[in-house]
Amino acid sequence: MNVLVVNCGSSSLKFQLINSDTEEVSAKGLCERIGIDGRLVYQPAGGEKEITEAPMPTHTEAISLVLKALVNEKTGVLKSLDEVDAIGHRVLHGGSKITESRIIDDEVIAVIDECCDLGPLHNPANLMGIRACMELMPGKPNVAVFDTSFHQSMPPKAYRYAIPTEYYEKYAVRKYGFHGTSHKFVSGEAIRFLGLDKDNSKVIVAHLGNGASISAVLNGKCADTSMGLTPLEGLIMGTRSGDLDPAVLEYICNKEGLNVSQMLTILNKKSGVMALSNNLSSDFRDLEEAMDNGNEAARLAIEAFSYRVAKYIGSYVAAMNGVDAIVFTGGIGENAGVVRKTVLSYLGYLGITMDEAANKKRGENFILSTPDSKVKVAVMPTNEELAICRDTVELVNAAK
Ligand code: AMP
């Protein structure tokens, strides 16, 4: 099956065309600056990147240009759009009603629409992408894969906030969690890779990218995760603060004459390792280099980031009453050896020992712990597009 995987942001659209039989990517790319001017980056497998500037007032024009590129006589990878069998969409928020991936129908569209309040930047863009595909490829099945659905198995003790019940009942204020597609994919792959028994497994997945979250996966199901009502809660991230005393908001607002939304912009866009490094960078490549050159703010940023990850791992070991495997993924988890080493330096009490030579590797599935380590530690690249492709194929086949 040829599955077009689509991931719409407010002004961007990433895509991959995946052959589900070989799980290979036939072509990929992205549309940027949608609604501003428009630029398509397109790359067929084994071919050169092509960049085309073209007007993209909405996501419909962007998808239309992607489809044209896929069937282009010279660099296209399909003879006609009939060869696209299904479309899989990454959708940010499915609220409490959606617990798994779904074939898109009117009911699913209504839920995505209802959740626009909870995901104001992404859900409207996701809907635009879905509607554009339905318009341009009528009759093809579309599947929605939600960032929140894997976390719907959390029990109330994990997802309820200790605030008046009326806010939960009236406005559905609770922890939802994000990056669910990655947590599901990586925990499932880890169970296979490490030879664990899924029904008796305790896995912690640390998805450490520009956005970062961590989850406790008990017997293949999410038991807890660090992001909350929004992706702001939990770990320190590239530019997000993660956990802090909520009273900080009022205190700084009063001192600086800011309102709550201005303060939230600061916590989302101007905080995290970017802030701790005195605005040096949110990218760990820059931070590592600066730390190696003696920059103390960069050192603090890396230490605080790693310390927070280690504390969350400790709390999830308690949540599951043990742990069989800890898995690092995401751009930082897959590449930043210094972060992995610092995190594991806090976890010796679990009987974890790290293989120093393995910690130099990157870009593949590998075991980071020594053979005698009491807990297995692995590094595994995430692949959210492939996860979306797999769910799409499963649902489309089941519906036949
Ligand atoms: P992601 O959001 O998962 O794509 O991760 C992006 C982040 O991964 C970047 O902002 C960097 O902080 C980090 N990263 C990517 N490559 C490397 C690398 N080679 N070494 C250290 N950090 C990296």
Side-chain angles (χ1 to χ4, degrees), residues 5 7-10 12-16 25 28-30 32 41 90 92 121-122 147 150 177-187 189-190 205-215 225-227 230-232 234-242 268-293 295 297-309 327-344 358-366 368 378-388:
V5 175
N7 179 1
C8 286
S10 49
S12 69
L13 180 162
K14 292 190 200 135
F15 66 92
Q16 285 192 3
V25 177
K28 64 179 180 179
L30 83 158
E32 294 171 299
V41 181
R90 179 177 185 177
L92 180 81
L121 292 181
H122 291 86
D147 258 25
F150 181 61
F178 298 88
H179 291 145
T181 314
S182 175
H183 287 287
K184 180 181 171 195
F185 177 82
V186 173
S187 57
E189 291 290 296
V205 176
H207 175 113
L208 310 179
N210 196 31
S213 66
I214 183 158
S215 64
T225 193
S226 60
M227 284 178 165
T230 75
L232 185 54
L235 300 178
I236 295 174
M237 306 179 214
T239 62
R240 292 191 193 118
S241 63
N268 271 302
K269 302 219 154 105
K270 301 200 164 162
S271 300
V273 290
M274 178 69 141
L276 286 173
S277 68
N278 294 337
N279 296 325
L280 178 78
S281 178
S282 61
D283 191 309
F284 276 68
R285 286 164 284 205
D286 302 332
L287 296 176
E288 271 185 51
E289 192 187 328
M291 181 175 79
D292 290 344
N293 290 327
N295 184 316
R299 175 182 304 282
L300 172 66
I302 292 176
E303 281 182 354
F305 177 91
S306 308
Y307 177 61
R308 179 82 53 93
V309 174
V327 192
F328 289 98
T329 192
I332 300 162
E334 290 162 33
N335 296 295
V338 63
V339 169
R340 296 191 297 245
K341 186 174 173 164
T342 313
V343 170
L344 294 182
N359 197 34
K360 296 194 173 68
K361 289 194 213 168
R362 56 176 57 153
E364 52 177 316
N365 290 342
F366 64 90
L368 183 59
V379 176
M380 304 186 69
T382 190
N383 192 339
E384 287 163 292
E385 290 79 12
L386 180 58
I388 293 170

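Each ligand, and each atom within it, is numbered from 1 in the order the structure gives. The first residue of the sequence shown is numbered 1, and numbering continues consecutively from there. The structure displayed is predicted, hence computed values, not measured ones. Only this structure's heavy atoms are used, side chains among them; waters, hydrogens and symmetry mates stay out.
- In this structure, R362 contributes its side chain and N335 its backbone to a donor-acceptor pair below 3.5 Å.
- Judged by distance alone, with hydrogens and angles left aside, the side-chain atoms of T342 form no donor-acceptor pair with the main-chain N or O of E303 at under 3.5 Å.
- Selection from T329, I332, T382 by nearest heavy atom to atom 13 (C) of ligand 1 gives I332.
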Practice task
Apply side-chain contact (heavy atoms from CB on, under 4.5 Å) to the pair V186 and H207, showing each step before the final yes or no.
Solution key: CA-CA 9 Å; V186 173; H207 175 113; over 6 Å; no

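- Between the side chain of R340 and the backbone N or O of G333 there is at least one donor-acceptor pair closer than 3.5 Å.
- The nearest protein heavy atom to atom 4 (O) of ligand 1 is not closer than 4.0 Å.
- Between the T329 side chain and the T382 main chain, a donor and an acceptor come within less than 3.5 Å of each other.
- Under a 4.0 Å heavy-atom criterion, R362 is in contact with ligand 1.
- Looking at F284 next to ligand 1, an N or O pair under 3.5 Å apart turns up.
- N359 places a side-chain N or O within 3.5 Å of a backbone atom of G337 that can act as its donor or acceptor partner.
- A donor and an acceptor atom, one from each side chain of H183 and S213, are located under 3.5 Å apart.
- Counting only non-hydrogen atoms, the option in V338, D283, L287 that gets closest to atom 11 (C) of ligand 1 is D283.
- Residue-to-ligand polar distances place N210 within reach of ligand 1: an N/O pair is separated by less than 3.5 Å.
- Comparing R285, E288, M237 by heavy-atom distance to atom 15 (C) of ligand 1, the nearest is R285.
- The nearest heavy-atom contact from the protein to atom 17 (C) of ligand 1 is N335 CB, 3.5 Å.
- No heavy atom of E334 sits closer than 4.0 Å to any atom of ligand 1.
- Comparing P381, G238, G331 by heavy-atom distance to atom 14 (N) of ligand 1, the nearest is G331.
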